[in-house]
Structures are given as C-alpha cells and as structure tokens.
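Below, chain A is the first sequence line, B the second, and so on; all start at residue 1. These values consider heavy atoms only, across backbone and side chains, with no hydrogens, waters or symmetry-generated copies.
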There are 2 protein chains.
Amino acid sequence: MTNSSVMEDTLKLLKDHKLRVTPQRHIILAYLASHHNHPTVETIRDALSKELPNMGSSTIYNTLNTFVDHRLVVELQNGDGSTHYDYFGTPHYHAICTNCGKIVDVTYPGFDKDEKTLEEKTAEISGYMISGNHMEVYGLCPECQVKLGITQKK
Amino acid sequence: MTNSSVMEDTLKLLKDHKLRVTPQRHIILAYLASHHNHPTVETIRDALSKELPNMGSSTIYNTLNTFVDHRLVVELQNGDGSTHYDYFGTPHYHAICTNCGKIVDVTYPGFDKDEKTLEEKTAEISGYMISGNHMEVYGLCPECQVKLGITQKK
DNA sequence: TAATTAACTTGTAATGATTCCAAATTAGAA
DNA sequence: TTCTAATTTGGAATCATTACAAGTTAATTA
C-alpha cells in the first residue's frame with residue numbers, strides 16, 4: 001500500500017466515523033495503519049516529532065481514546081507498565097512474549113468464525129449482550145527462546 | 001466447600017509451589033479462592049482489615065505479583081483504572097461489562113480443548129513457545145441492558 | 001467566502017496506581 | 001534454639017494517565 005493511499009483510506013475512515021478531521025488525528029491514524037509495531041504513546045510522539053513537533057501527549061491520549069471508543073484501535077498491555085496500541089483493520093489476536101514483551105499479530109483461516117462462536121457461547125451462558133473480544137496468547141518469542149537457550153520440542 | 005478446607009487447600013497449594021507460608025499469603029490466597037468478586041488491592045485490604053489490620057498495600061501487591069508469577073492468580077483490567085485479581089483454580093475466561101465494569105467467570109464443556117487448539121495454532125503460526133492465554137469477551141451485562149433500556153434480540 | 005461556534009489541541013498541574021527502599025520481622029532450615 | 005534469607009512494613013518516589021483552562025481550528029451556515 002502506498003503512503004498516499006494510507007492517507008486516503010484513513011481520511012475516509014475518519015469521515016465514515018463522523019470524526020472531525022484534524023491533522024493530529026489523521027497523522028496518528030495513518031501511522032498506526034501503516035506500522036505494526038504496537039507503539040506506546042511515547043513511541044508515537046517520537047515517531048511523529050518531525051511532522052507534528054508541537055503535539056502534546058494529552059492529544060495523543062485523547063486521540064487514541066477516541067479511536068478505541070470507535071474500535072479503530074485496540075489497547076494492549078505487555079507488562080512493561082504502559083499501554084500499547086494496535087490498528088484494528090482486520091480481525092486478529094496477539095501473541096505476547098513473557099520475557100521481552102514483544103507483541104505479534106496472529107490470525108488463521110477461520111479465526112473470524114471461531115471468534116463468532118466464542119461470542120455466541122458467551123452470550124448464552126452469561127446473558128451479556130456481546131460487542132467484542134480480545135484474545136491474547138503468552139509465551140516466549142523465538143528470539144527469547146534462543147537467548148535463554150531453550151529448545152522448543154516439536 | 002467449608003472454610004477450613006479452603007485453608008487446608010490453599011496451604012497445600014502454597015507448599016506445592018515452594019512458597020514460604022506467611023499469614024498474609026495464606027489469608028490472601030484463601031480469600032481469593034473463596035470469593036469470585038475479582039477484587040482490587042483496595043478491596044482485598046478492606047476485606048481483610050479485621051484479620052490483618054497492619055497489612056500494607058505493598059504486601060498485597062508483592063503477594064499478588066508472586067501468585068501471578070506462579071499462575072495461581074490472573075490479572076484483569078475492566079477499565080476502571082486499577083487491576084483486578086482472580087483465583088485461577090479451574091480454566092475459565094471472563095466476560096466484562098463495558099458499561100459498569102462487572103466481570104463474570106465463563107466456561108463451557110470443551111473450553112479446555114478450544115483453548116488448547118488456539119495455543120497450538122498460535123505456536124505453529126508465530127513460533128512462540130506458548131505458556132498460557134487470556135480471553136476476554138466484552139458486552140453489556142444483563143443489569144446494564146435493563147438500566148440502559150436495551151432489548152437483546154434472541 | 002466570511003462568520004460562528006462547538007470541538008479539539010496544548011501545556012501544565014493533579015491524580016492515583018504501583019513500585020522502590022531501608023529497617024524490622026519472621027518462616028523454616030540446620 | 002539459632003541463624004539467615006525471605007518477607008513485611010510504611011513511607012517516599014515514580015510514572016502513566018487524566019483533568020483543566022486557555023488558545024486554536026474544522027466545518028457548518030449564510
């Protein structure tokens with residue numbers, strides 16, 4: 001995807017959600033849509049310091065909270081004390097390294113169906129009116145397995 | 001389950017995990033094992049103020065972190081800003097109300113198998129050596145559906 | 001296009017959950 | 001019973017996040 005199409009797509013996304021289009025919102029959303037690094041507020045601030053040198057952290061927090069409310073973005077904790085954010089363009093879940101905190105997106109054919117099934121079962125059992133879910137799987141990432149000298153059995 | 005058997009069971013659990021048995025640890029673990037209220041540190045402090053009037057919050061944090069490391073307990077966020085804790089005696093997941101934060105435990109026949117499958121797929125795809133998972137399903141709890149005047153379609 | 005205004009951004013202060021640390025205590029081993 | 005490393009305590013420190021007031025701006029309306 002070209003840079004310009006990311007800008008176009010995220011612009012449309014903001015408009016579709018009836019969100020006022022400010023440079024801050026547009027640039028932050030485009031950054032998230034084109035990076036899969038699960039950034040923190042600080043990471044975003046640093047990454048965009050050239051484009052938006054005067055943007056305060058409050059703005060980033062406000063903006064991300066708005067995106068989370070609109071389900072454009074999800075929040076993730078990896079144990080390092082701060083919240084990480086992930087653009088939620090297509091359904092997926094996360095694998096999180098218990099050693100270094102590395103987060104990767106995961107999906108597989110049929111994940112959307114499994115997800116649906118879980119939500120339906122949960123609605124039946126709990127009586128909740130379900131609106132979403134988060135799944136996280138924990139373990140050692142490949143790098144940490146090597147670093148710690150652990151051999152994964154096949 | 002009688003109160004005394006909870007005390008016996010949690011004592012055994014601490015010993016099995018080679019954790020030094022202090023009154024604080026034993027009483028906190030017994031409290032968690034016999035309550036399904038997903039308490040915060042403050043809730044635990046208040047609930048145990050009779051039994052352990054001099055216990056500081058630091059001790060509760062230390063103790064809970066130890067339990068989490070040993071997988072006796074899991075941490076939960078419901079959006080109210082503080083961490084909630086849940087004794088993890090049998091496999092289950094959580095439904096969390098997006099309106100009031102109410103957390104309920106959920107499981108169903110075959111959940112352990114579904115969970116296993118998810119972990120195996122994740123290992124294959126990501127290369128992570130999996131050690132655990134958390135699933136959360138969000139929605140409106142029955143009380144909030146009524147409170148907000150929402151009718152759930154069958 | 002210009003005027004209007006509610007919404008947004010900014011910067012700083014406040015909050016509050018959690019961790020850190022040094023001193024006192026204690027569980028469990030010898 | 002003694003000994004010591006682990007734990008608890010209480011208060012201070014940290015740090016992520018939110019609150020707030022003032023300035024700015026997107027987008028509606030005429």
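In the model, B:Asp105 has no side-chain atom that pairs as donor or acceptor with a side-chain atom of B:His36 under 3.5 Å.
Comparing A:Gly56 and B:Glu42 by the nucleotide of DNA chain C that holds the closest heavy atom to each, the one mapping nearer the 5' end is A:Gly56.
Ring-plane geometry between B:His92 and B:Phe88 is classed as tilted, the angle between the planes lying from 30 to 60 degrees on a 0 to 90 degree scale. Aromatic ring orientation, B:Tyr138 versus A:His134: perpendicular (interplanar angle above 60°, classes split at 30° and 60°). Ring pair B:His38/B:His94 is perpendicular by interplanar angle, where above 60° counts as perpendicular and below 30° as parallel.
The nearest whole Å value for the distance from the NE2 atom in A:His26 to the C1' atom in C:dC8 is 17 Å. Nucleotide D:dA6 holds its C1' atom 14 Å from the CG atom of B:Leu14, rounded to whole Å. A straight line from CG of A:Leu64 to C1' of D:dA16 spans 13 Å, rounded to a whole angstrom. One can place NZ of A:Lys18 at 18 Å from C1' of C:dA6, the figure rounded to the nearest angstrom. Rounding to whole angstrom units, CD1 of residue A:Ile60 and P of C:dT10 are separated by 9 Å. In this structure, CG of A:Leu19 is placed 10 Å from P of C:dT9, rounded to the nearest angstrom. If you measure from atom CG of A:Asn65 to atom P of D:dT17, you get 9 Å, rounded to the nearest angstrom. Protein atom NE2 of B:His17 is 16 Å distant from nucleotide atom P of C:dG28, rounded to whole Å.
A:Asp80 comes within 4.0 angstrom of no nucleic acid atom, judged by non-hydrogen atoms across all strands. Among the heavy atoms of the strands lying under 4.0 Å from B:Thr83 are primed sugar atoms or P, OP1, OP2 only; no base atom is included.
One finds no side-chain N or O of A:Arg20 lying less than 4.0 angstrom from the OP1 or OP2 phosphate oxygen of C:dA6. Checking the phosphate oxygens (OP1, OP2) of D:dT17, a side-chain nitrogen or oxygen of A:Tyr61 falls inside 4.0 Å. Note on B:Gln24: every side-chain N or O is 4.0 Å or more away from OP1 and OP2 of C:dT26. Residue B:Ser82 places none of its side-chain N or O atoms closer than 4.0 Å to OP1 or OP2 of C:dT18.
Within 3.5 Å, a donor on the side chain of B:Ser58 pairs with an acceptor on the base of D:dG11, or the reverse.
In this structure, the nucleotide among C:dT9, D:dT9, D:dA27 sitting nearest to the side chain of B:Asn62 is D:dT9. Checking D:dT7, C:dT19, C:dC8 against every side-chain atom of A:Thr22, the shortest atom distance belongs to C:dC8. Comparing D:dA26, C:dA27, D:dT18 by their nearest atom to the side chain of A:Pro23 picks out D:dA26.
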B:Thr43 and B:Thr40: side-chain hydrogen bond (donor to acceptor under 3.5 Å, both in side chains), yes or no, with the steps?
-> CA-CA 5 Å; B:Thr43 309; B:Thr40 62; 2.9 Å; yes
